[in-house]
Protein chains: 2
Amino acid sequence: MIDPEPAGASEAGGRREEIVEIASRLFAERSYRGVGMRAIASAVGVQPASIYHHFSSKADILDAIIADVTERFIAAHLYLLDPKFVTASSMRQLVTEHVVYFWQHRIAEAVGLRELKELSVARAEHVRRSRRSYQDAWICAIQVGVSGGWLPAQNPRIAALALLSMINGVNAWYREAGPLSIAEVAEMHAEMAVTGVLGGCPEAPP
Amino acid sequence: MIDPEPAGASEAGGRREEIVEIASRLFAERSYRGVGMRAIASAVGVQPASIYHHFSSKADILDAIIADVTERFIAAHLYLLDPKFVTASSMRQLVTEHVVYFWQHRIAEAVGLRELKELSVARAEHVRRSRRSYQDAWICAIQVGVSGGWLPAQNPRIAALALLSMINGVNAWYREAGPLSIAEVAEMHAEMAVTGVLGGCPEAPP
DNA sequence: GTCTATAGAACGATAGAC
DNA sequence: GTCTATCGTTCTATAGAC
């Protein structure tokens, strides 16, 4: 049993984590600029000045929210697009895990997507580079499939961007109250993405 | 030659139109709450108080920006999804026109998507209803295709939402500096959407 | 139709006691 | 670690002259 938190993070249940969690919900609902320190403090149940014992500024809270949610997923899953081993099956697996992970982290992901410009330039650039590497890995993997004859996609770059738009869009409309679980929706998207957008037949090699 | 502006709009080049155009660009770049009346006035070249001669409030400017950009497209194109006449070909045409129109109106569309919650409740609800009718028309049309045997989509609702996410995502990554025109990207999306996501073969009837 | 001037509220952040 | 109190800024919006 390994501590799932990276080194440097405080134990769960600390004030700092509580502030991050509450602020992320508020930012997702009313936007970063639409939520003041007074509103955050009030939701936490403390006075505004107390927040500054845990964070040096409001932007520092935003940094902690966005931090590396997306990067962590990308770093852990890029191997599925490795040109030497990528298959239609590994692509389906990646789409499925992508949809599920992004839904599970939907609040931080929504804030990270919407408030990217509010981040410090250095951190925003870090996030953009990470996303770019994921996108490029998809393009490269699709090109491998086209060269190998098992993916008939016309334009790998456009296909990759269309595929990512499709699966990133799930959070905008999916609701847990509906008849389908997020895992079912994820599987359907894997099918629509790889068999549909990329044109890879389910029974085709590899 | 008919006046393209709906009745009630002032002639082009008026201060009101100038303010709407400048404010929409600023809102798209720095968000509604991130842009003050001073910034808008400064960009227009007047004093802040002068804006209030043309608009009763900042929210009134946002209303004028969003107004009915999306509704106008939907109202003019719903006929292409009419259950009695819809075909794979009319779906492809709609996707193409959708992508091109949304790109041409990308500034207002971006503001309308991002700042929907800043709108007055009544106007926000009007926009949501309009989008919902478009979505429902897509679902219904796909169901017709499934019933008719010319679309193998598994789940019409999920397929419609995936398709719309895909084509609405174009504005997030397309840049005119690239090698493809928006019309070319739109055509490729029509192919990926109808042949790919919905599974309709190009040569299949109708 | 645009100006100067400013009201009144909310903002991010700090000082210093406990 | 949280409090009270508040500083200085910025915000939307208005009053009234020209």
Side-chain angles (χ1 to χ4, degrees), chain A residues 8-66 111 114-121 123-124, chain B residues 8-66 111 114-121 123-124:
Chain A
S10 314
E11 77 277 14
R15 261 278 191 265
R16 196 184 151 89
E17 281 65 37
E18 188 187 3
I19 293 169
V20 166
E21 198 166 319
I22 288 175
S24 64
R25 270 199 295 271
L26 292 174
F27 289 164
E29 284 167 13
R30 288 188 269 147
S31 89
Y32 175 68
R33 294 193 113 108
V35 178
M37 292 300 264
R38 284 163 182 81
I40 298 171
S42 168
V44 174
V46 296
Q47 292 300 312
S50 305
I51 304 284
Y52 289 90
H53 178 75
H54 304 278
F55 295 91
S56 65
S57 69
K58 189 183 167 190
D60 197 26
I61 303 178
L62 185 63
D63 271 8
I65 294 170
I66 300 183
V111 175
R114 192 176 195 225
E115 314 290 359
L116 195 59
K117 285 178 180 171
E118 306 285 353
L119 244 49
S120 63
V121 178
R123 189 167 281 282
Chain B
S10 315
E11 77 277 14
R15 260 279 190 265
R16 198 184 150 88
E17 281 66 35
E18 189 187 4
I19 293 168
V20 167
E21 197 166 320
I22 288 175
S24 63
R25 270 200 295 270
L26 292 174
F27 290 165
E29 285 167 12
R30 288 188 268 147
S31 90
Y32 175 69
R33 293 192 115 110
V35 178
M37 292 300 263
R38 285 166 183 79
I40 299 171
S42 168
V44 173
V46 296
Q47 292 299 313
S50 304
I51 303 284
Y52 289 90
H53 178 76
H54 305 279
F55 295 91
S56 67
S57 69
K58 189 184 165 186
D60 196 25
I61 303 179
L62 186 62
D63 271 7
I65 293 170
I66 301 184
V111 175
R114 191 176 195 223
E115 314 291 358
L116 195 59
K117 285 178 179 169
E118 305 287 351
L119 244 48
S120 63
V121 178
R123 187 167 281 282

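Predicted model only: the values in this text are computed from it and were never measured. Protein chains get the first letters and strands the later ones, always in sequence-line order, with residue 1 at the start of each.
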Which residues satisfy the side-chain hydrogen bond (donor to acceptor under 3.5 Å, both in side chains) test with Glu115(B), sequence neighbours excluded?
none

Do any side-chain atoms of residues 44-54 of chain A form donor-acceptor pairs under 3.5 angstrom with protein atoms, and if so which ones, sequence neighbours left out?
| from | atom 1 | to | atom 2 | distance (Å) |
| --- | --- | --- | --- | --- |
| Ser50(A) | OG | Gln47(A) | O | 3.4 |

Let me know the distance between CD1 of Ile51(A) and P of dG1(D), rounded to the nearest Å.
13 Å

Provide, to the nearest angstrom, the distance between the CD atom belonging to Glu17(B) and the P atom belonging to dG1(C).
12 Å

Output the distance between atom CD (Glu17(A)) and atom CD1 (Ile19(A)), rounded to the nearest 0.5 Å.
9.0 Å

In whole angstrom, give the distance that lies between atom CD1 of Ile19(B) and atom P of dG1(C).
11 Å

Side chains of residues 22-31 of chain B: which donor-acceptor partners sit under 3.5 Å, not counting sequence neighbours?
| from | atom 1 | to | atom 2 | distance (Å) |
| --- | --- | --- | --- | --- |
| Ser24(B) | OG | Val20(B) | O | 3.2 |
| Ser24(B) | OG | Glu21(B) | O | 2.7 |
| Ser31(B) | OG | Gly34(B) | N | 3.1 |

In this structure, how many angstroms lie between the P atom of dT12(D) and the NE2 atom of His53(B), rounded?
20 Å

Filtered N/O pairs between nucleotides 13-16 of chain C and protein, under 3.5 Å:
| from | atom 1 | to | atom 2 | distance (Å) |
| --- | --- | --- | --- | --- |
| dA13(C) | OP2 | Tyr52(A) | OH | 3.1 |
| dA13(C) | OP2 | Lys58(A) | N | 2.9 |

Once side-chain contact (heavy atoms from CB on, under 4.5 Å) is applied, do any residues pair with Ser120(B), and if so which ones, sequence neighbours excluded?
Asp63(B), Arg123(B)

In whole Å, what is the span from the CG atom of Asp60(A) to the P atom of dG12(C)?
14 Å

With sequence neighbours left out, the residues meeting side-chain contact (heavy atoms from CB on, under 4.5 Å) with Ser42(A) are none

Salt bridge (Lys or Arg N to Asp or Glu O under 4.0 Å) partners of Arg38(B), counting only residues at least two apart
none

Please determine if a side-chain N or O atom of Ser50(A) lies less than 4.0 Å away from the OP1 or OP2 oxygen of dG1(D).
no

Take the protein atom CD of Gln47(A) and the nucleotide atom P of dT4(D), then report the distance between them rounded to whole Å.
5 Å

According to side-chain hydrogen bond (donor to acceptor under 3.5 Å, both in side chains), who are the partners of Arg33(B), at least two apart in sequence or on a separate chain?
Glu118(B)

Go through residues 28-35 of chain A and report each residue with a non-hydrogen atom lying under 4.0 Å from DNA chain D, sorted by number.
none

